[in-house]
J.: 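To start, I am sharing the structure in question, which I have written as structure tokens.
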Amino acid sequence: MGSNGTTYDHDYDWEKDLSELMSTKSGVKGLVDSGILKIPKMFVSSDRNHLKQANSDNDGIENQVPIINLEGYESKRRMIIVNEVLEASRKWGMFQVINHGVQTDVMMNMLESVCDFHEQAKEMKEEYYSHDSSRKVWYYATIHPVLRAAFWKDTIACEFENLTADFEALPKICRKPMSDYVKHIVELKGKLCKLLSEALGLESDHLELMECMEARKLVGHYYPPCPEPHLTLGTVHHTDPYFLAILLQGDIDGLQVLHQNQWVHVPPVEGSLIVMIGDMLQVISNDMFRSAEHRVLANRKGPRLSAACFLYPNSRNNNRKYEPIQELLSDKNPAVYKEISQIEYLKLFSLHGSCSTKVLPHIKL
């Protein structure tokens with residue numbers, strides 16, 4: 001059995017099905033558009049009893065993920081907000097923010113642009129289909145060859161250094177909404193860096209000066225309706241191998257976070273954004289913060305839409321080593337992790353799985 005719950009059936013030609021799916025350049029949506037009533041075998045998880053429970057009304061705890069109101073964060077409420085950020089980052093690795101400064105229409109336009117891209121005619125988007133993440137813009141079905149796993153989701157991704165020049169590579173149908181959205185996320189990132197720094201007991205500009213949390217990658221996820229959601233997942237259980245992620249989800253639920261060994265539903269909250277601690281932030285905080293283990297369930301309803309912006313060092317700092325912040329260490333609280341660059345951590349992540357519990361032990365002192 002694979003580490004993600006997929007079964008290695010030696011009589012089943014997984015690579016053949018993978019090749020056929022990739023050759024269509026139409027992703028999971030293409031399967032749904034073809035009228036299938038059963039999901040292909042390459043999407044089926046072996047952990048079916050758990051998935052049946054996960055898709056029942058009784059699975060998980062209803063929304064207890066902290067919701068933090070950022071209104072007045074520069075006034076007398078700041079200390080309250082900092083403490084809320086600290087508690088959420090320690091216990092959950094995830095929190096939702098409201099009154100964050102990103103306008104509702106900007107968020108709605110972002111999600112609509114994700115939908116517009118994925119629902120346009122195949123010939124309009126197939127030139128972007130690729131599993132080559134070195135491209136500026138690429139669109140793909142979610143396949144993990146190492147895990148021999150496929151998931152019920154299509155994604156458009158854009159990696160960027162320059163918010164103006166690099167976004168010109170995006171398809172015209174989603175270029176302006178995505179560009180506008182990221183500009184607002186960059187502003188929010190400034191607030192979050194200050195709050196997270198202060199939550200760690202540091203000067204408010206500490207994380208910003210480390211240049212470890214630049215807006216570098218935007219993905220737009222499209223989860224088509226699934227005819228057999230009890231047999232598969234939209235996104236496998238994982239943590240994010242970066243410093244921080246900011247997630248916008250539409251009005252269909254499915255996101256869950258692992259908390260105290262229970263899957264907790266994270267239903268959409270109108271106007272909110274979800275902040276998720278990544279593995280690298282757990283490293284430099286010396287385990288004061290924990291990265292969020294999360295997954296997305298498949299659903300008969302759809303499409304489910306979401307957009308995630310990942311924050312990590314820019315290319316000139318790709319090989320810069322990061323280690324537990326010196327100011328957080330003491331004789332009673334020594335460093336837990338070795339120094340490591342973002343590039344090195346991504347290589348480890350691809351080798352050892354999709355979750356910090358499997359990867360972080362490899363860099364522990």
Side-chain angles (χ1 to χ4, degrees), residues 1-52 54-55 117-118 122-123 125-157 159 217 219-241 295-299 302-304 343 345-355 357-359 362:
M1 181 183 294
S3 60
N4 68 320
T6 53
T7 298
Y8 292 170
D9 181 349
H10 296 291
D11 295 325
Y12 167 56
D13 194 343
W14 193 87
E15 285 77 11
K16 178 176 178 290
D17 277 4
L18 170 63
S19 178
E20 289 178 358
L21 176 66
M22 292 174 65
S23 69
T24 68
K25 297 187 176 182
S26 58
V28 177
K29 185 177 186 298
L31 294 174
V32 174
D33 289 346
S34 72
I36 62 166
L37 299 178
K38 293 185 176 296
I39 65 172
K41 189 171 182 178
M42 67 184 299
F43 291 92
V44 175
S45 169
S46 67
D47 198 3
R48 298 180 195 176
N49 288 332
H50 181 67
L51 286 175
K52 285 177 182 177
N55 282 275
F117 173 82
H118 288 286
K122 173 190 169 183
E123 56 269 20
K125 59 185 179 181
E126 64 182 2
E127 67 176 285
Y128 296 99
Y129 193 91
S130 175
H131 288 265
D132 178 6
S133 60
S134 67
R135 295 177 58 164
K136 285 288 183 191
V137 178
W138 67 109
Y139 137 69
Y140 56 95
T142 306
I143 295 159
H144 200 310
V146 175
L147 297 177
R148 289 171 58 92
F151 303 99
W152 206 255
K153 175 182 70 178
D154 293 332
T155 298
I156 179 173
E159 193 160 20
K217 184 178 181 181
V219 297
H221 297 312
Y222 182 98
Y223 300 83
C226 181
E228 297 180 298
H230 57 288
L231 296 181
T232 190
L233 284 166
T235 301
V236 69
H237 167 209
H238 71 289
T239 56
D240 295 322
R295 69 181 184 183
V296 177
L297 304 181
N299 203 316
R304 181 184 184 273
I343 290 293
Y345 189 79
L346 288 172
K347 289 177 181 176
L348 277 178
F349 198 82
S350 65
L351 283 173
H352 296 290
S354 57
C355 193
T357 54
K358 298 173 184 173
V359 185
H362 292 275

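What's counted below: heavy atoms across the whole structure, side chains too, no hydrogens, waters or symmetry copies.
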J.: Which residues satisfy the ring-ring contact (aromatic ring centres under 6.0 Å, His included) test with Y222, sequence neighbours excluded?
T.: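 For Y222 the ring-ring contact (aromatic ring centres under 6.0 Å, His included) partners, ignoring immediate neighbours, are H118.
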
J.: Quick one: does any side-chain atom of T155 pair with a main-chain N or O of A157 as donor and acceptor, under 3.5 Å?
T.: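 Between the backbone of A157 and the side chain of T155 there is no qualifying donor-acceptor contact (under 3.5 Å).
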
J.: Determine whether T235 and Y223 satisfy the following criterion, side chain to side chain donor-acceptor pair (under 3.5 Å), listing intermediate values before the conclusion.
T.: CA-CA 9 Å; T235 301; Y223 300 83; 2.9 Å; yes

J.: Side chains of V236 and T142: does their closest heavy-atom pair fall under 4.5 Å?
T.: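 Side chain of V236 against side chain of T142, heavy atoms only: no contact under 4.5 Å found.
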
J.: For K25 and Y139, which heavy atoms make the closest approach, and how far apart are they?
T.: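 The answer is O-OH, 3.5 Å.
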
J.: So which pairs with a foot in residues 220-240 pass salt bridge (Lys or Arg N to Asp or Glu O under 4.0 Å), sequence neighbours left out?
T.: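 For residues 220-240, and leaving out neighbouring residues, the salt bridge (Lys or Arg N to Asp or Glu O under 4.0 Å) pairs sorted by first residue read K38-E228.
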
J.: Output the distance between atom NZ (K41) and atom CG (D17), rounded to the nearest 0.5 Å.
T.: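 Rounded to the nearest 0.5 Å, the NZ-CG separation comes out at 9.0 Å.
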
J.: ring-ring contact (aromatic ring centres under 6.0 Å, His included) with F349: which residues, sequence neighbours excluded?
T.: none

J.: Only counting residues at least two apart or in another chain, list the ones meeting side chain to side chain donor-acceptor pair (under 3.5 Å) with T239.
T.: D279

J.: Any donor and acceptor pair, going by atom type alone, linking the side chain of S130 with main-chain N or O of Y140 inside 3.5 Å?
T.: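 Absent.
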
J.: Rounded to the nearest 0.5 Å, how far apart are CZ of F151 and NE2 of H238?
T.: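 The distance works out to 10.0 Å.
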
J.: Quick check on K217: does its NZ atom have over 12 non-hydrogen neighbours (other residues, nucleotides or ligands) under 6.0 Å away?
T.: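 Enclosed.
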
J.: Could you please spell out the steps behind the side chain to side chain contact (heavy atoms under 4.5 Å, CB included) verdict for E15 and D13?
T.: CA-CA 5 Å; E15 285 77 11; D13 194 343; 3.9 Å; yes

J.: Do I156 and V219 come within less than 4.5 Å of each other through their side chains, counting heavy atoms only?
T.: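 The answer is no; the side chains never approach within 4.5 Å.
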
J.: Of all the heavy-atom pairs spanning I39 and T232, show the shortest one and how long it is.
T.: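 So the minimum-distance heavy-atom pair works out to CD1-CB, 3.8 Å.
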
J.: Is any side-chain heavy atom of P241 closer than 4.5 Å to a side-chain heavy atom of V359?
T.: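 No, too far: nothing below the 4.5 Å cut-off.
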
J.: Show your reasoning for whether side chain to side chain contact (heavy atoms under 4.5 Å, CB included) applies to M22 and Y129.
T.: CA-CA 9 Å; M22 292 174 65; Y129 193 91; 4.2 Å; yes

J.: Give a yes or no on whether the backbone of R304 and the side-chain of N299 come within a donor-acceptor separation of less than 3.5 Å.
T.: no

J.: Restricting to non-hydrogen atoms, name the atom on L21 and the atom on I143 that form the minimum distance, rounded to 0.1 Å.
T.: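 Distance-wise, the nearest heavy atoms are CD2-CD1, 3.9 Å.
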
J.: Does a side-chain heavy-atom distance below 4.5 Å link V137 with R135?
T.: no

J.: Has S19 got a side-chain atom pairing as donor or acceptor with K16's backbone, closer than 3.5 angstrom?
T.: no

J.: Check this for me: K347, atom NZ, are more than 12 non-hydrogen atoms of other residues, nucleotides or ligands nearer than 6.0 Å?
T.: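 No.
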
J.: Which atom names give the shortest non-hydrogen contact between D154 and A141, and what distance separates them?
T.: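 Closest approach of D154 to A141: OD1-CA, 3.6 Å.
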
J.: What pairs with K136 under side-chain contact (heavy atoms from CB on, under 4.5 Å), at least two apart in sequence or on another chain?
T.: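 Expected list: D166, A169.
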
J.: For side chain to side chain contact (heavy atoms under 4.5 Å, CB included), just list the numbers for S133 and E159, CA-CA rounded to whole Å, side-chain angles, deciding distance to a tenth of an Å, and then say yes or no.
T.: CA-CA 9 Å; S133 60; E159 193 160 20; 5.7 Å; no

J.: Which atom names give the shortest non-hydrogen contact between S26 and K122, and what distance separates them?
T.: CB-CD, 4.1 Å

J.: For F43, give me all partners under ring-ring contact (aromatic ring centres under 6.0 Å, His included), at least two apart in sequence or on another chain.
T.: W152

J.: For P224 and V28, work out which heavy atoms get closest and say how close.
T.: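 Between these two residues, the closest heavy atoms are CG-CG1, 3.9 Å.
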
J.: Is there a side chain to side chain contact (heavy atoms under 4.5 Å, CB included) between M42 and E20? Walk through the geometry before answering.
T.: CA-CA 11 Å; M42 67 184 299; E20 289 178 358; over 6 Å; no

